[in-house]
S.K.: 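Here you go, one structure.
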Amino acid sequence: MRSLFRFHGGVKPATNKAASTSEPIVKAPLPRRLVVPLHQSIGGTPHPLVRAGQRVLKGELIGAADGNVSSAVHAPTSGLVTAVEPALMAHPSGLTMLSVIIEPDGEERWAELDRLNYKSTPPDELRDFVRDAGIVGLGGAVFPTHLKMNPGREGRTRTLVLNGAECEPFITCDDMLMRERAAGIVKGTAILRHLLQADEVLIGIEDNKPEAVAAMQTAVRAEGESMEVVAIPTRYPAGGAKQLIRVLTGIEVPHGRRSTDFGVQCFNVGTAYAVFEALTCGHPLISRIVTVAGNVDRPRNYEVLIGTPMSDVVRLSGQRTDTTRYLMGGPMMGMRMPGFDVPVVKATNCILVASDALFPPPPPEQACIRCGECAHACPADLQPFELYWFSRAKNFGKAQEYHLFDCIECGCCAYVCPSHIPLVDYYRFSKSEIWARERDKSASDQARERFEFRNFRQEREKEEKAAKLAAKAAETRAKLATEPAVDGAAATPAADAAEDPKKALIAAALARAQAQRAAAQPKNTENLSAETQAEIAQIEARRRTAGSAPAADPAPAGTAASAPDTQP
Amino acid sequence: MIHSPYIRKPASVQRVMGTVLVALLPGLAAYVWQFGAGILVNLALGSVAAIAIEALVMRLRKRPVALAVGDLSAVVTAWLVVLSIPPIVPWWITLLAVIISIGAAKHLYGGLGQNPFNPAMVAFCALIVAYPALMSQWPGAGQLDFAAQLDLILGGARQPDGITAATALDALRTGMRSGASVGTVFSGNSAFGMAGGRGWEWVAAGYALGGLILLGTRVITWHLPAAFIAMLAVVSGLFWLIDPTQHASPLFHLASGGAMLAAFFIVTDPVSGATTPRGKLIFAAGIALIAWLIRSFGAYPDGIAFGVLLMNICVPLIDMKTQPPVFGHRGGHS
Ligand code: SF4
Ligand code: SF4
């Protein structure tokens with residue numbers, strides 16, 4: 001037995017997982033309409049590659065990753081793109097986001113698929129492949145997976161942690177995936193291990209999922225891999241990446257640091273499976289396992305195409321009539337959906353169907369009695385009530401000093417608080433206030449920087465000009481010293497120069513500056529027609545041949561005034 | 001239900017306070033058994049007054065009355081203050097105690113959760129300064145029957161020497177002042193029982209039992225009572241070892257006066273106490289030290305209440321200086 005570590009705090013809410021694990025995963029039928037948001041990962045929003053009226057094939061790229069911190073999006077089935085337009089997001093904000101609307105043709109015709117042999121492919125290519133397969137963290141964080149497929153600084157990783165803990169109540173998609181598709185997960189993990197150059201692989205599963213533990217152990221043996229399946233104590237939030245890493249390795253990854261700096265990397269089991277599917281079958285990420293639970297008659301897990309309206313999936317489980325809303329995720333950290341028909345996205349691990357009976361509104365908020373229950377439950381070792389007092393008092397500086405940003409918003413504190421204080425709401429409020437202030441500050445910082453930079457640039461240009469002028473003058477002086485005046489225009493300065501080299505210098509500088517100024521003068525001619533432009537060109541050519549243009553210009557006075565300024 | 005989490009543990013302030021009241025019952029039972037039912041009269045009076053004052057103040061402050069009264073915190077405060085003062089004080093002392101603790105010490109600072117001082121101890125200190133005589137008339141075990149106690153509570157005439165015996169702490173102090181040794185003081189006075197004051201050992205045992213209930217139900221953590229008891233035992237034990245004729249034993253200190261009530265019910269007041277694990281240890285140990293100093297060298301027979309108030313002042317500092325390390329900021333990996 002591996003000796004495990006403890007993380008502080010945590011809670012043990014009723015798990016409510018039995019109901020949705022009694023039946024195997026089943027494919028949800030093709031919906032009439034798919035709404036595929038382009039932005040489904042942390043990072044840049046992919047550009048749409050399709051237009052309304054265009055036919056797409058299953059697995060065809062419809063949104064290309066925007067830079068490296070982004071992830072591609074694909075057509076979940078074959079059909080017709082009816083629109084590329086903003087649609088309601090699966091997010092409590094109720095905002096819309098550019099989405100590709102697809103009407104399936106029912107033929108499920110695959111696009112040409114690319115497979116890769118990971119052993120013979122260079123790592124960079126593998127990472128690009130995973131990015132272009134649209135693979136993101138399926139535990140809910142949707143961080144682009146290819147960005148994590150890097151060994152740390154030392155070129156290797158000590159421990160690859162596979163997260164099968166699934167600690168939130170009601171959610172069972174990872175549990176079912178491990179029970180039914182353990183071999184694929186193990187194969188995907190082997191790929192990740194190869195990329196990370198990981199010494200050991202630990203697969204952490206909460207001990208309330210004995211079937212999953214057994215299935216994974218069998219698969220590891222069958223695949224002949226040296227990976228260790230570890231049953232960990234059931235305690236929310238053991239499935240938080242940092243908590244799981246702590247439990248399995250004893251390492252605590254501080255806020256703002258990457259686990260690779262500590263030789264550890266963590267992936268969700270679903271992500272490993274997606275990597276396997278992408279490399280060995282060529283299937284990009286176009287579907288995922290979704291738990292439907294809560295206020296339904298038959299809770300169950302479905303394999304759902306990304307973009308399927310949530311209500312279509314819930315209907316399969318028999319939504320009860322007193323349903324008030326859907327939550328995406330579990331009851332501890334889930335997000336309230338702004339409507340019933342928002343699409344299933346890559347982050348949708350669970351559609352939790354809510355009613356007032358199932359999740360009653362909290363009793364009225366009472367005063368904090370400083371009982372410390374929240375601190376006792378906080379897995380980040382914070383003093384939540386202090387954060388609450390500071391947030392309430394809008395004392396954001398103090399809140400930050402007490403590590404507000406180490407809060408992972410797990411909800412344990414609010415879960416146990418006898419005064420029913422919606423503590424996490426206070427933290428979210430404080431964090432957003434602080435962010436807003438920092439944005440304001442950095443905006444004004446930027447303005448200041450821009451201003452300062454402009455001054456700096458002007459200053460620098462002046463200096464450069466002066467340096468050039470000086471060089472030019474020296475040259476002129478040398479010329480003047482050796483040969484007599486060539487033409488009338490230069491005669492006077494030259495004559496003067498003979499007596500006073502400094503005057504000559506200035507005159508030469510003037511001439512030079514005039515020439516520069518003429519060259520730099522903006523021409524408001526860009527938007528003119530070709531004919532007019534030709535005309536202007538002709539006129540200018542004439543002027544140049546006349547040779548009078550610069551001299552006739554009254555501007556030199558100004559230039560002359562500024563020229564001495566620049567001299568040291 | 002606007003944001004996560006959408007589920008909550010079935011916990012409430014009412015449940016916490018209710019548990020405290022239940023945990024007081026063993027001690028209370030021993031109290032009644034040893035000293036008669038007079039305490040129940042003051043307890044009832046105090047409870048009713050507490051509810052009335054809480055309701056009145058909340059009304060004046062235009063806050064929800066039912067919620068505040070329903071959380072039982074006022075009743076807990078009333079019980080604690082009544083159990084801290086002699087059981088036969090006249091009714092108006094009880095009333096005054098409740099008014100000071102709830103009306104002033106709690107609500108003047110903003111109500112539940114806001115008071116920097118332990119309300120029960122504020123009332124106790126105010127009264128012992130204002131009415132030192134009434135506040136030090138404690139009946140001996142089995143000394144007064146219920147009718148006599150009731151008479152005193154309702155304002156009957158008092159002949160102090162006739163109705164009360166000196167408490168053990170009192171007797172010890174007077175004895176020591178007159179130059180006797182601890183041994184002779186103990187053997188010559190019926191106020192002393194097996195461990196502490198006669199009869200009081202049972203009450204102390206009852207409170208300790210109640211304390212176990214609080215620990216078992218996780219209403220309190222071990223830090224506060226453990227530090228309080230340990231400090232009192234260590235400091236009194238040290239002096240007792242040096243000179244047992246001049247200093248009472250640790251057992252005596254722990255079983256006398258309000259030590260057990262304080263250890264499990266008074267220093268554990270969450271609102272006015274330290275909150276961090278290390279802070280709790282410092283806070284409770286500080287109270288015990290001050291209490292022992294006052295018992296041994298001060299002007300009052302018991303010093304727990306003053307110790308609590310003094311340490312209350314230090315709470316913000318203690319909490320600030322003892323913030324536990326945050327996840328990932330621990331330095332080493334433990
Ligand atoms: S659990 Fe609630 S009442 Fe208790 S200290 Fe924390 S915030 Fe205050
Ligand atoms: S939500 Fe934040 S403060 Fe509350 S328990 Fe979780 S990490 Fe701690």
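The model shown is predicted, which means the values in this text are computed figures rather than measured ones. Chain letters run A, B, ... following the sequence lines, proteins first, then strands; residues in each count from 1.
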S.K.: Are any side-chain N or O atoms of Y6(B) and backbone N or O atoms of G334(A), one a donor and one an acceptor, separated by less than 3.5 Å?
M.R.: yes
S.K.: Could you measure the distance from the OG atom of S419(A) to the CD atom of Q14(B)? Nearest 0.5 Å is fine.
M.R.: 12.0 Å
S.K.: By a 4.5 Å heavy-atom criterion (distance strictly below it), what part of V13(B) contacts chain A: side chain, backbone, both, or neither?
M.R.: both
S.K.: State, to 0.1 Å, how close H403(A) and H329(B) come at their nearest heavy-atom pair, and which atoms those are.
M.R.: ND1-NE2, 4.2 Å
S.K.: List the atom of A11(B), the atom of H420(A), and the distance in Å for their closest heavy-atom pair.
M.R.: O-CE1, 2.8 Å
S.K.: Looking only at non-hydrogen atoms, find the nearest pair between V271(B) and R370(A) and report the distance.
M.R.: O-NE, 3.0 Å
S.K.: List the atom of S4(B), the atom of D425(A), and the distance in Å for their closest heavy-atom pair.
M.R.: O-OD1, 4.4 Å
S.K.: With rounding to the nearest 0.5 angstrom, report the CD to CE distance, E401(A) to M320(B).
M.R.: 8.5 Å
S.K.: Which residue out of G329(A), G372(A), C417(A), P418(A) racks up the most heavy-atom pairs below 4.5 Å with chain B?
M.R.: P418(A)
S.K.: Side chain, backbone, both or neither: which part of V253(A) has an atom under 4.5 Å from a heavy atom of chain B?
M.R.: backbone
S.K.: When only pairs under 4.5 Å are counted, which of T221(B), T268(B), D319(B), T276(B) shares the most heavy-atom pairs with chain A?
M.R.: D319(B)
S.K.: Measuring heavy-atom distances to chain B, does E365(A) have an atom under 4.5 Å in its side chain, in its backbone, in both, or in neither?
M.R.: backbone
S.K.: Atom CG of L358(A) and atom CD1 of I7(B): how far apart are they, to the nearest 0.5 Å?
M.R.: 9.5 Å
S.K.: For Y402(A) and Q323(B), which heavy atoms make the closest approach, and how far apart are they?
M.R.: CE2-CD, 3.2 Å
S.K.: Pick one of side chain, backbone, both or neither for R218(B), based on which atoms fall under 4.5 Å of a heavy atom in chain A.
M.R.: both
S.K.: Can you say whether A414(A) sits under 4.5 Å from chain B via the side chain, the backbone, both, or neither, judging by heavy atoms?
M.R.: both
S.K.: Please report the closest heavy-atom contact between P5(B) and G411(A), naming both atoms and the distance.
M.R.: CG-O, 3.6 Å
S.K.: Which bit of P169(A) is near chain B, if near means a heavy-atom gap under 4.5 Å: side chain, backbone, both or neither?
M.R.: side chain
S.K.: State the CZ-CZ distance between R8(B) and F359(A), to the nearest 0.5 angstrom.
M.R.: 13.0 Å
S.K.: Pick one of side chain, backbone, both or neither for R428(A), based on which atoms fall under 4.5 Å of a heavy atom in chain B.
M.R.: side chain
S.K.: Is it the case that more than 12 heavy atoms not belonging to F340(A) sit under 6.0 Å from its CZ atom?
M.R.: yes
S.K.: Test side chain to side chain contact (heavy atoms under 4.5 Å, CB included) on V11(A) and K9(B) and set out the steps.
M.R.: CA-CA 9 Å; V11(A) 294; K9(B) 206 171 148 176; over 6 Å; no
S.K.: Check each atom of I421(A) against the heavy atoms of chain B and say whether the ones under 4.5 Å are side chain, backbone, both or neither.
M.R.: backbone
S.K.: Quick one: of A367(A), A380(A), P422(A), C410(A), who has the most non-hydrogen atom pairs under 4.5 Å with chain B?
M.R.: A380(A)
S.K.: Should we say atom NE2 of H376(A) is surrounded by more than 12 heavy atoms from elsewhere, each under 6.0 Å from it?
M.R.: no
S.K.: Please identify, among H255(A), E409(A), E386(A), the residue contributing the most non-hydrogen atom pairs under 4.5 Å to chain B.
M.R.: E386(A)
S.K.: Measure the shortest side-chain to side-chain distance between V16(B) and C371(A) over non-hydrogen atoms and say whether it is less than 4.5 angstrom.
M.R.: no
S.K.: Using non-hydrogen atoms only, which part of P13(A) is less than 4.5 Å away from chain B: side chain, backbone, both, or neither?
M.R.: side chain
S.K.: Heavy-atom distance under 4.5 Å to chain A: side chain of P325(B), backbone, both or neither?
M.R.: backbone
S.K.: Can you find a pair of side-chain heavy atoms, one from V424(A) and one from H3(B), that are under 4.5 Å apart?
M.R.: no
S.K.: For R61(B), look at atom CZ and say whether over 12 heavy atoms of other residues, nucleotides or ligands are found less than 6.0 Å away.
M.R.: yes
